Amino acid sequence: MTNMVSRFAWRTLAYGCIGLGTAGIVVPLLPTTPFLLVAAWAAPKGSPRLARWLWQHPRIGPTLNAWQAQRAIPRRAKRLAVMLLAFSWLVLWLGSAPPMVLALTALMFCGVATFVLTRPDAAPSRPAGLPELNSRVR
């Protein structure tokens, strides 16, 4: 019974993070990547099927694999992240946020942008099903 409850909790966390990550695509200030990383961490503990889906997803899978194998972020994702951080700060500024909120948010966003930009670029992934050059059958 405890195992079932534990698996349910992990699965709920994974699905919740997928939902929040998906919402983060369109909601300023709500990040996508951290939620998907948590989902990728929690899914195998609650649902191996969900974990396979995440890691083999055509859009999410390559980014997760690049992070796991190389601690790398695709260049396109870096650009998008920095642009969304700047856009989010601009929304706060145009919305007349208090100066202290603007300063703290700018400091936090600069830290996040620095972290993202200093990660290596993800190497292009090889399409699934293609053999490596050294493993061809003669």
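In this text the structure is predicted, and so the values were computed from the model without any measurement.
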task = Following the transitive rule for hydrophobic clusters with a side-chain heavy-atom cut-off under 4.5 Å over Ile, Leu, Val, Met, Phe, Trp and Tyr, establish whether Leu50 and Trp41 coincide in one cluster.
result = no
ask   = Checking Thr118 side chain against Phe115 main chain: does a donor-acceptor pair fall under 3.5 Å?
value = yes
note = Distance col, row Phe87:CZ vs Leu94:CG, nearest 0.5 angstrom, shows 9.0 Å
ask   = Rounded to the nearest 0.5 Å, how far apart are CH2 of Trp55 and CD1 of Ile60?
value = 11.0 Å
query = Does atom CH2 of Trp93 have more than 12 heavy-atom neighbours, drawn from other residues, nucleotides or ligands, at distances under 6.0 Å?
reply = no
Any donor-acceptor N/O pair, Arg71 side chain to Trp67 backbone, under 3.5 Å = yes
remark   = Taken to the nearest 0.5 Å, the spacing of Leu102 CG from Leu90 CG works out to 10.5 Å
ask   = Honestly curious: do Leu36 and Trp53 fall in one hydrophobic cluster under the side-chain, below-4.5 Å linking rule?
value = yes
inquiry  = Contact between Thr63 and Pro74 at the side-chain level, heavy atoms closer than 4.5 Å - yes or no?
reply    = yes
ask   = Is a side-chain donor or acceptor of Trp10 paired with a backbone partner of Ala43 at a separation under 3.5 angstrom?
value = no
request  = Spell out, yes or no, whether Ile25 and Val27 are grouped together once hydrophobic residues are joined by side-chain heavy atoms under 4.5 Å, including indirect joins.
outcome  = yes
message = Using 0.5 Å steps for rounding, measure from the OG1 atom of Thr12 to the CZ atom of Arg7.
response = 11.5 Å
Side-chain donor-acceptor pairs under 3.5 Å in residues 77-85, sequence neighbours left out?
unit_1 : atom_1 : unit_2 : atom_2 : d
Lys78  : NZ     : Arg119 : O      : 2.4
Lys78  : NZ     : Asp121 : OD1    : 2.7

message = I'd like to check Ile18 versus Phe35 (side-chain heavy atoms, cut-off strictly below 4.5 Å). Are they in contact?
response = no
message = For Ala122 versus Gln70, what's the shortest heavy-atom pair and its separation?
response = CA-OE1, 3.7 Å
ask   = Got a second to check how far Arg75's CZ is from Ile73's CD1, nearest 0.5 Å?
value = 12.5 Å
query = If you take all heavy atoms of Ala39 and Ala14, which pair is closest and at what distance?
reply = CB-O, 3.6 Å
ask   = Between atom CH2 of Trp89 and atom OG1 of Thr105, what is the distance when rounded to the nearest 0.5 Å?
value = 9.0 Å
Nearest non-hydrogen partners of Ala40 and Pro44, listed with the distance = O-CD, 3.1 Å
key: For the student: nearest non-hydrogen atoms of Thr32 and Gly24, plus distance   = OG1-C, 3.2 Å
query = What are the two closest non-hydrogen atoms of Arg11 and Ser47, and how far apart are they?
reply = CD-CB, 3.9 Å
ILVMFWY network linking Tyr15 to Leu54, side-chain heavy atoms under 4.5 angstrom = yes
